[in-house]
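Can you keep this structure in mind? I'll have questions shortly.
Owing to the predicted nature of the structure, the values given are computational and were not obtained by experimental measurement. Note on naming: letters A, B, ... go to the chains in the order of the sequence lines (proteins, then strands), and numbering restarts at 1 for each one.
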There are 2 protein chains.
Amino acid sequence: MVKRTSHQSADCLIARPLDAIGDWWSLLIVRDAFDGLRRFGEFQKSLGVAKNILSARLRSLVAHGILEIVPAPDGSAHNEYALTEKGRGLFYVLVALRQWGETYFSGPGEPYTFMVDTRTGRPIRRLEVHAEDGRQLAPGETRLADFRVTETG
Amino acid sequence: MVKRTSHQSADCLIARPLDAIGDWWSLLIVRDAFDGLRRFGEFQKSLGVAKNILSARLRSLVAHGILEIVPAPDGSAHNEYALTEKGRGLFYVLVALRQWGETYFSGPGEPYTFMVDTRTGRPIRRLEVHAEDGRQLAPGETRLADFRVTETG
DNA sequence: CCGCAATGGTTTCAAGTTGAAACCGAGTCG
DNA sequence: CGACTCGGTTTCAACTTGAAACCATTGCGG
């Protein structure tokens with residue numbers, strides 16, 4: 001985990017989310033949660049991660065409000081881990097990461113998968129960044145502004 | 001760094017990008033690179049990270065083709081680190097992360113910043129996931145399909 | 001030319017983190 | 001009862017991290 005960094009750059013709105021997520025394992029857990037996994041054993045089998053690590057990550061994700069513990073739907077003793085609203089907000093991060101992966105990491109002969117619209121089975125569009133007026137923006141066409149931006153519109 | 005995981009879940013297109021990025025510091029370096037930082041000292045000052053760590057992360061990012069070393073534009077001896085095309089592809093990941101951060105981590109009284117369109121100074125739109133036909137898709141409306149998806153269109 | 005500061009790192013080493021494996025307790029099935 | 005599964009926790013060696021010290025090169029004033 002990244003240490004408590006009060007000296008972090010002014011842009012905490014990247015650093016703090018990263019800190020809340022925790023580490024790569026955590027993000028893979030979240031991805032699996034989007035895929036419908038809910039139980040300790042399911043995550044462990046899917047990720048192949050050591051049980052102590054999984055345990056710690058789940059606890060951290062719950063502590064950060066990304067997952068929540070819910071009782072098992074079948075009334076049995078174990079409980080399950082479900083995405084909260086906040087956790088579901090990470091969907092766009094995962095989509096972005098996956099599209100980047102599709103572009104740069106899918107070699108030929110690999111078990112290639114991609115995201116599709118459940119309803120039609122057709123691939124989804126690439127993410128785009130749009131201005132308020134709908135123009136598509138390239139990386140260089142945005143900047144950070146602070147709250148008291150002069151409303152020049 | 002995440003260890004070499006051949007047992008990783010079938011969906012390597014999340015895990016491999018994460019592995020390539022390296023760790024949180026690396027992503028903060030990339031963010032700073034988008035903000036125009038290019039020199040070792042600039043990154044170090046911005047992030048407050050130990051020099052050995054920064055050095056290792058820069059090397060890793062270069063090795064993964066996310067940054068590249070370019071000679072200093074002023075002809076001096078030091079060289080600079082610039083985003084490659086692949087590195088610029090991480091823009092969407094950062095935007096997604098930042099919008100998530102804006103939603104869940106910006107408390108009142110914080111030095112709040114957000115992304116704006118450079119041309120107009122107006123905030124950018126939120127990311128959306130769209131189907132091929134343009135419909136907006138919520139997290140639950142997508143799934144992963146493998147390459148040999150039956151083209152039912 | 002010499003000294004000195006700044007830049008861009010590398011080395012060292014203590015402290016913290018990770019993860020494989022062993023262990024444990026509760027429930028469940030036969 | 002006895003074995004087995006599930007969902008963890010504990011243990012401990014190995015690895016990683018990061019603060020500080022160190023080092024090499026460049027730039028610059030005198």
**Request:** Check whether any side-chain nitrogen or oxygen of B:Trp25 sits under 4.0 Å from OP1 or OP2 of D:dG18, and answer yes or no.
**Result:** yes

**Prompt:** Whole Å only: how far is the CD atom of B:Gln44 from the C1' atom of C:dG8?
**Reply:** 9 Å

**Request:** Round to a whole Å and report the spacing from CZ of B:Phe40 to P of D:dT26.
**Result:** 17 Å

**Request:** Between D:dG8, D:dG18, D:dA21, spot the one nearest the side chain of B:Ala50, thanks.
**Result:** D:dG18

**Asked** So what does B:Tyr81 hit on the nucleic acid, given a heavy-atom distance under 4.0 Å: a base, only sugar-phosphate, or nothing?
**Response** sugar-phosphate

**Item:** Length of the CG-P vector between A:Asn52 and C:dC24, whole Å
**Value:** 16 Å

**Request:** Show the numbers, then the answer: is there a salt bridge (Lys or Arg N to Asp or Glu O under 4.0 Å) between A:Arg143 and B:Asp117?
**Result:** CA-CA 7 Å; A:Arg143 61 181 171 84; B:Asp117 175 0; over 6 Å; no

**Whole angstrom value for the distance that separates P of D:dC12 from CD1 of A:Ile53** = 17 Å

**Request:** Taking only the side-chain nitrogens and oxygens of A:Arg59, find out if one of them lies under 4.0 Å from OP1 or OP2 of D:dG8.
**Result:** no

**Complete:** Rounded to whole Å, CG of B:Asn79 lies from C1' of C:dG8 at a distance of 9 Å

**Asked** C:dG8 P sits how many Å from B:Glu80 CD, rounded?
**Response** 9 Å

**Prompt:** With distance as the sole test, does B:Thr84 use its side chain to make a donor-acceptor pair with the main-chain N or O of B:Glu68 at under 3.5 Å?
**Reply:** no

**Item:** Phosphate OP1/OP2 of D:dT9: any A:Ser55 side-chain N/O under 4.0 Å
**Value:** yes

**Message:** Pair A:Glu42, A:Arg38 - check salt bridge (Lys or Arg N to Asp or Glu O under 4.0 Å), show working.
**Reply:** CA-CA 7 Å; A:Glu42 291 177 324; A:Arg38 299 175 71 91; over 6 Å; no

**Prompt:** Does A:Arg39 have a side-chain nitrogen or oxygen under 4.0 Å from the phosphate oxygens OP1 or OP2 of D:dC6?
**Reply:** no

**Asked** If you round to the nearest 0.5 Å, how far is CZ of B:Arg39 from CD of B:Gln44?
**Response** 12.5 Å

**Fill in**
Checking C:dG8, D:dG7, C:dT18 against the side chain of A:His78 (C-beta onward), the nearest is D:dG7

**Prompt:** What is the distance from CZ of A:Arg38 to P of D:dC6, rounded to the nearest Å?
**Reply:** 18 Å

**Message:** I need the CG-P distance between B:Leu58 and C:dT10, as an integer number of Å.
**Reply:** 10 Å

**Message:** Tell me whether B:Leu58 shares a hydrophobic cluster with B:Ile69, the cluster being built from Ile, Leu, Val, Met, Phe, Trp, Tyr side chains joined at under 4.5 Å.
**Reply:** yes

